Enquirer: 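Let me begin by handing over the structure; questions about it come next.
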Amino acid sequence: MRNKEYAKGNLIDLGCGNVPLYDAYNAFVTDNFCVDWENSSHKNEFLDMTADLNMPLEIRDNSFDTIILSDVLEHIKEPKLLWNEMYRILRKEGTLIMNVPFFYWLHEEPHDYYRYTKHALIAMANESGFEVIEIESLGGAPEILTDITAKTIRRIPLIGKQISKLIQKLTWIFINLKFGKKVSRSTSASFPICYGLIAKKNNTQQ
């Protein structure tokens with residue numbers, strides 16, 4: 001995803017967690033506002049606001065140029081509400097940069113509700129007034145098989161963690177080879193480990 005091209009101005013990171021994308025976008029924005037659940041398991045010393053993302057946000061209309069939503073939408077019970085809220089708080093020509101898991105284990109239970117196909121993401125974006133600029137399938141069969149295997153083997157006492165790390169390292173080497181890249185890319189459309197999406201606020205809707 002091209003953060004240099006799309007991240008700009010006043011940015012809000014919804015469900016920010018440990019701000020994993022900070023280094024990717026920080027150089028291109030003027031301000032970074034971090035929002036997360038009050039009882040989030042991901043502690044962030046830079047947190048600016050606590051909020052339940054299942055509820056309307058106490059943020060003024062047209063407040064931000066960029067929204068980051070990273071691995072969050074699957075934890076929202078009423079996603080339509082959040083889509084509408086993101087549209088509302090974005091300024092004219094504002095950009096939403098988001099990613100969601102697809103082939104991925106249950107996490108942060110019991111607050112893990114959905115897995116979305118690219119078709120569902122596009123439909124929800126359009127229905128909320130966004131214009132999808134880019135949607136990308138990320139990862140493929142090698143990454144999925146490695147993720148499942150590594151997380152399973154990790155449970156073996158004493159040696160599980162070491163073997164898990166080795167498997168992940170070997171897969172990283174494989175997918176950086178010409179053949180490995182081909183396998184990953186050729187399978188990502190049908191077996192993505194996650195999706196990345198970039199959408200613009202379509203000001204003709206609301």
Side-chain angles (χ1 to χ4, degrees), residues 1-38 40 42 44-102 111 113-138 192 194-206:
M1 307 299 286
R2 303 191 297 273
N3 293 302
K4 182 177 182 180
E5 182 176 347
Y6 294 112
K8 63 181 181 180
N10 194 15
L11 180 147
I12 184 169
D13 192 336
L14 294 174
C16 61
N18 293 319
V19 200
L21 299 181
Y22 181 82
D23 290 336
Y25 60 68
N26 184 54
F28 314 118
V29 301
T30 56
D31 190 33
N32 179 35
F33 191 77
C34 292
V35 179
D36 207 352
W37 282 273
E38 184 175 5
S40 173
H42 307 286
N44 174 11
E45 61 181 309
F46 304 109
L47 191 66
D48 297 296
M49 174 182 171
T50 59
D52 183 350
L53 300 181
N54 290 290
M55 304 294 290
L57 300 170
E58 295 183 1
I59 296 172
R60 291 182 298 178
D61 295 358
N62 310 307
S63 294
F64 294 94
D65 301 293
T66 307
I67 292 175
I68 296 288
L69 192 76
S70 177
D71 293 327
V72 172
L73 194 64
E74 71 272 21
H75 301 295
I76 305 299
K77 286 186 289 186
E78 299 293 340
K80 179 64 175 177
L81 188 150
L82 181 57
W83 278 101
N84 290 340
E85 284 294 277
M86 290 191 294
Y87 184 95
R88 180 182 66 79
I89 67 176
L90 268 180
R91 291 174 179 153
K92 182 180 180 180
E93 301 301 320
T95 304
L96 166 65
I97 302 173
M98 67 176 291
N99 57 274
V100 292
F102 187 64
H111 306 293
Y113 303 109
Y114 304 106
R115 296 293 181 269
Y116 299 98
T117 67
K118 66 178 181 180
H119 310 293
L121 294 171
I122 292 170
M124 287 188 293
N126 291 340
E127 289 168 4
S128 302
F130 287 95
E131 176 188 358
V132 176
I133 304 301
E134 178 180 335
I135 186 162
E136 184 178 3
S137 302
L138 303 171
C194 63
Y195 289 107
L197 178 145
I198 295 173
K200 289 278 189 180
K201 183 171 181 176
N202 185 343
N203 293 285
T204 64
Q205 296 293 315
Q206 297 181 17

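Being a predicted model, the structure only gives us computed values, none of them experimental.
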Enquirer: Donor-acceptor check, side chain of His111 to backbone of His75, threshold 3.5 angstrom: yes or no?
Expert: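 No; zero donor-acceptor contacts below 3.5 Å.
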Enquirer: Looking at Met98 and Leu73, what are the two nearest heavy atoms and their distance?
Expert: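 So the minimum-distance heavy-atom pair works out to CE-CD2, 3.8 Å.
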Enquirer: Please check this pair: side chain of Ser63 against backbone of Ile89, looking for a donor-acceptor N/O pair closer than 3.5 Å.
Expert: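 Judged by distance alone, no pair lies under 3.5 Å.
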Enquirer: Indicate yes or no: at least one non-hydrogen side-chain atom of Ile198 is less than 4.5 angstrom from one of Thr95.
Expert: yes
Enquirer: Which atoms form the tightest heavy-atom contact between Lys80 and Glu127, and what is the distance?
Expert: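 In this case the closest contact between Lys80 and Glu127 is NZ-O, 3.3 Å.
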Enquirer: Would Ile76 and Tyr113 satisfy side chain to side chain contact (heavy atoms under 4.5 Å, CB included), going step by step from the backbone distance to the final call?
Expert: CA-CA 7 Å; Ile76 305 299; Tyr113 303 109; 5.9 Å; no
Enquirer: How close do Gly9 and Val29 get, heavy atom to heavy atom, and via which atoms?
Expert: O-CB, 3.3 Å
Enquirer: Asp36 and Gly15: which non-hydrogen atoms are nearest, and at how many Å?
Expert: OD1-CA, 3.6 Å
Enquirer: Would you compute the distance between atom CE of Met55 and atom CG of Leu81 and round it to the nearest 0.5 angstrom?
Expert: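 The CG atom of Leu81 is 8.0 Å from CE of Met55, to the nearest 0.5 Å.
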Enquirer: If you round to the nearest 0.5 Å, how far is OG1 of Thr50 from CD of Glu58?
Expert: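 Atom-to-atom, Glu58:CD and Thr50:OG1 are 9.0 Å apart.
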Enquirer: Could you report the tightest heavy-atom contact between Cys16 and Leu47, atom names first, then the distance?
Expert: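 Scanning both residues completely, I find the closest heavy atoms to be SG-CD1, 3.8 Å.
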Enquirer: Is the shortest heavy-atom distance from the side chain of Leu11 to the side chain of Phe28 under 4.5 Å?
Expert: no
Enquirer: May I ask you to test the Val19-Tyr25 pair for a side-chain heavy-atom distance under 4.5 Å?
Expert: yes
Enquirer: For side chain to side chain contact (heavy atoms under 4.5 Å, CB included), just list the numbers for Leu69 and Leu82, CA-CA rounded to whole Å, side-chain angles, deciding distance to a tenth of an Å, and then say yes or no.
Expert: CA-CA 10 Å; Leu69 192 76; Leu82 181 57; 4.1 Å; yes
Enquirer: Which residue in the set Ile67, Ile12, Leu53, Leu57 passes side chain to side chain contact (heavy atoms under 4.5 Å, CB included) when paired with Met86?
Expert: Ile67
Enquirer: Any non-hydrogen side-chain atom of Leu14 less than 4.5 Å from a side-chain atom of Val72?
Expert: no
Enquirer: A quick test of your reading: do over 12 heavy atoms of other residues, nucleotides or ligands sit less than 6.0 Å from NZ of Lys77?
Expert: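 It does not: Lys77 NZ has 12 such atoms or fewer within range.
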Enquirer: Name the residue from Trp83, Phe64, Tyr6 that meets the side chain to side chain contact (heavy atoms under 4.5 Å, CB included) definition with Leu96.
Expert: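 Per the side chain to side chain contact (heavy atoms under 4.5 Å, CB included) rule, the option paired with Leu96 is Trp83, out of Trp83, Phe64, Tyr6.
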Enquirer: Can you say whether the rings of Tyr87 and Phe130 are parallel (under 30°), tilted (30 to 60°) or perpendicular (over 60°)?
Expert: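 The arrangement is perpendicular - the two ring planes meet at more than 60°.
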Enquirer: Counting neighbours of NZ on Lys118 that are heavy atoms of other residues, nucleotides or ligands and sit closer than 6.0 Å, is the number greater than 12?
Expert: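 Incorrect, the count does not exceed 12.
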Enquirer: I need the Ser128 OG to Arg88 CZ distance, nearest 0.5 Å.
Expert: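 The distance works out to 13.0 Å.
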Enquirer: So, do Leu138 and Pro192 sit near enough that their side-chain heavy atoms are less than 4.5 Å apart?
Expert: no
Enquirer: Under a 3.5 Å distance rule, please check whether Asn10 uses its side chain to pair with a backbone N or O of Asp65 as donor and acceptor.
Expert: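 Looks like no, no N/O pair under 3.5 Å.
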Enquirer: How long is the straight-line distance from CH2 of Trp37 back to CG of Asn54, given to the nearest 0.5 Å?
Expert: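 The CG atom of Asn54 sits 6.5 Å away from the CH2 atom of Trp37.
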Enquirer: If you round to the nearest 0.5 Å, how far is OG1 of Thr66 from CD of Glu93?
Expert: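 Glu93 CD to Thr66 OG1: 12.0 Å, rounded to 0.5 Å.
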Enquirer: Roughly how far, to the nearest 0.5 Å, is the CD1 atom of Ile97 from the CD1 atom of Ile133?
Expert: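 Ile133 CD1 to Ile97 CD1: 11.5 Å, rounded to 0.5 Å.
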Enquirer: Step by step, would you call Asn99 with Leu21 a side chain to side chain contact (heavy atoms under 4.5 Å, CB included)?
Expert: CA-CA 11 Å; Asn99 57 274; Leu21 299 181; 4.0 Å; yes
Enquirer: Would you indicate whether the side-chain heavy atoms of Pro101 and Asp71 approach each other to under 4.5 Å?
Expert: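 They are in contact (side-chain heavy atoms under 4.5 Å apart), so the answer is yes.
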Enquirer: Stepwise, does the ring-ring contact (aromatic ring centres under 6.0 Å, His included) test hold for Tyr116 with Tyr195?
Expert: CA-CA 9 Å; Tyr116 299 98; Tyr195 289 107; 9.7 Å; no
